[in-house]
Structures are given as C-alpha cells and as structure tokens.
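These notes are about the structure you will find just below.
We name chains A, B, ... by the order of the sequence lines, and we start the count at 1 in each one.
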There are 2 protein chains.
Amino acid sequence: MPVNSKEHDACKKSLLAVKDALDVISSKWKLQIIFAIWAGNKRFKDIERQIGGISPRMLSKELKDLEEHKLIVRKVYDTQPVTIEYTATPHAETLKELVDKLRTWGIKHRKAVFGK
Amino acid sequence: MPVNSKEHDACKKSLLAVKDALDVISSKWKLQIIFAIWAGNKRFKDIERQIGGISPRMLSKELKDLEEHKLIVRKVYDTQPVTIEYTATPHAETLKELVDKLRTWGIKHRKAVFGK
DNA sequence: TGAAGTGCTATACTTTAGTATATCGGTAAC
DNA sequence: GTTACCGATATACTAAAGTATAGCACTTCA
C-alpha cells in the first residue's frame, strides 16, 4: 500500500464531489436557465425568449436534466390548453452562494491574469 | 430599451466571470494537475505518474494553459541535462477555498438528489 | 552498447457537447 | 381557413475536448 494512498483517496473523493457540482454548473445553458426562472420566467417559451440563442431541443433536454437534479420543478396545469410551469426548488437557492463565489473568483482571476 | 436590461446586463457580466472561473476549473485535468503539484510533484514525469491516465500531450497542453493563467510557474534549471520544475503560484492558493465550496456543494447536492 | 528515463511534439482518431432544421398535435386569433 | 403560438421531439450535423500512439533529441545507468 503506497504511502500517500489515504490522502490520494480523499483527493479522489473531493474530485468526485467537485465533478458533481461542475456537472450542474459548467454546461453552457443550465445556469442561464436557472437565472431565467429566478427572473420570473416560468413557461417554456418565456425561458427560451429570455435566454435567446438556445434551441428548443437544448432547452427541453436541459430542463429535464435540471428536474432530475431537483433544481427545478415542472408543473402541469389542467387548463385548456394545458399550461406548463417551471419553478426553481429551494435546493436551487443553495446554488446562489456557490455561483457568487465562482463569480468573485472569476473577477479576481481576470485581474491576476491581465493585471488590474 | 427593455425594462429588465440593466439586470440582464449585470447577469451577463456575472455569467462571464463565472465562465472565466469555469475555464480553469471545469476541464478534466487542470485541477488534478494543480493538486499533484500541491502534493509536491514538480517534474513532468512525476506529475504524469501521480495523476495516472493522462497522456503526455494533454499534460503538456494543460501545463502551458495553467502557466498562461498564472496558476503555475515553469522553471528551467541549467543542469546537465536541463531540469524543469513546475510550482504553484500564490494565485493558485486562492483556488483552494473555491474548490472547497464546490466540493461541499457537490456533497450536499448528491444528498439532495439521491436522498441521504 | 543498449535499455530506460526526461520533457516533450505530431498526427490521427474518438467521444461528447452543442447546433440547425424540420416537424408534430393541439389551440386560438384574425 | 390559414396563420401563429405552445411545448416539445427527431434527425442530422459540427465543433470542441480529449485519447492513442509514435517518435525525437538528449542523458544517464548497467
């Protein structure tokens, strides 16, 4: 058993958790979709218009993904015709702090790389 | 000028900063390379061996990338043969807190999705 | 002398993420 | 009665990221 394997294991677990987080955060559209929903857009077409440039195929796919990740909820209302609404979950709220950390680090990083 | 454009602009700037951060963090190897260097590996082959599974081509490319992003420094020593050492910069240290946030959110998220 | 290590680079390939475009069944407005 | 909106889905494509494999100029080590 190599000397560093314990730390190495811990490191691999860390990387897995980081990867879990990144799966949500690092796709091109997921954050934008959540932002659009937070901004009050509930309907498919509203979100599509708010973001601009996303294809319905991507939006459909990412909405499903976000629902599986319990970040948004899809509600179907039995109106004529059926109305569908997407809302963010409380769990999605916990993203706010994280995104803010990413944002501030991103700003700091840009200064470090290009000079103030 | 649409009503929400100010918030929308701020939102787009946020997304840019987040994207800057993600460019560093979300590649398959960059964090692993930095971790390997933090663990005391300074030489190309040491890093390669520590990580395992990375091709020399990727390692070479990512090291250059990390240097451009001022997260590591490449030093050439005029020995026979020349020795090359990679070290992490103080700026790279600022990643630790961020990665830790990603890690803890990742753990929390996994619990939220699969239940405790 | 020849095998193995060092720090790479080149070429070609595969895999994954995202795009473009067309379409669908329903409803409602003109 | 045809045009447009809604919430999508299907098929096919392109671009970006990463992999596989070989090799190079050099230097030890046995």
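Checking the phosphate oxygens (OP1, OP2) of dA8(D), no side-chain nitrogen or oxygen of R43(A) falls inside 4.0 Å. Of the side-chain N and O atoms in K61(A), none sit less than 4.0 angstrom from OP1 or OP2 of dT16(C). Checking the phosphate oxygens (OP1, OP2) of dT9(C), a side-chain nitrogen or oxygen of K64(B) falls inside 4.0 Å. At dC8(C), one or more side-chain N or O atoms of Y86(B) fall inside 4.0 Å of OP1 or OP2 (strictly under the cut-off). Contact annotation: S60(B) side-chain N/O to dC8(C) OP1/OP2 distance is not under 4.0 Å.
With rounding to whole Å, I54(A) atom CD1 is found 12 Å from dA20(C) atom P. Atom CD1 of I84(B) is separated from atom P of dC26(D) by 14 Å (rounded to the nearest Å). Distance R49(A) CZ to dA8(D) P: 14 Å, rounded to the nearest Å. As rounded to whole Å, 17 Å separates atom P of dC6(D) from atom NZ of K42(A). Rounded to whole angstrom, the span from the CG atom of N41(A) across to the P atom of dC6(D) amounts to 13 Å. Atom pair Q50(B):CD and dG7(C):C1' shows a separation of 18 Å (rounding to whole Å applied). Between the CD atom of Q32(B) and the P atom of dA17(D) there is a distance of 17 Å, rounded to whole Å. Atom NZ in K30(B) sits about 7 Å away from atom P in dG18(D), given to the nearest Å.
Across all strands shown, R57(A) has heavy atoms under 4.0 Å from base atoms, whether or not it also approaches the sugar-phosphate. Among the heavy atoms of the strands lying under 4.0 Å from P56(A) is at least one base atom, whether or not backbone atoms are also near. Backbone-only engagement by K28(B) is indicated by non-hydrogen atom pairs under 4.0 Å involving sugar-phosphate atoms exclusively. Backbone-only contact: Q80(A) has heavy atoms under 4.0 Å from sugar-phosphate atoms and none from a base. As judged by a 4.0 angstrom heavy-atom cut-off over every strand, S27(B) is placed among residues touching the sugar-phosphate backbone only.
Put simply, the side chain of T83(B) never gets that close to the backbone of Y77(B): no donor and acceptor are under 3.5 Å apart. K70(A) places a side-chain N or O within 3.5 Å of a backbone atom of V113(B) that can act as its donor or acceptor partner.
When each of I33(B), T94(B), I37(B), V24(B) is paired with L71(B), the side chain to side chain contact (heavy atoms under 4.5 Å, CB included) condition holds for V24(B) and for no other. With D46(A) as reference, R49(A) is the one residue of Q50(A), K42(A), R49(A), R43(A) to meet the side chain to side chain donor-acceptor pair (under 3.5 Å) rule.
With the nearest nucleotide of DNA chain C identified for both E62(A) and E85(B), E85(B) has the one nearer the 5' end.
Nearest to the side-chain atoms of W29(B) among the listed nucleotides dT19(C), dT19(D), dC8(C) stands dT19(D).
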Inset, instruction - Output, in order, the C-alpha distance, side-chain angles, deciding distance and verdict of side chain to side chain contact (heavy atoms under 4.5 Å, CB included) for V99(A) and I34(A). - result: CA-CA 11 Å; V99(A) 171; I34(A) 292 170; over 6 Å; no
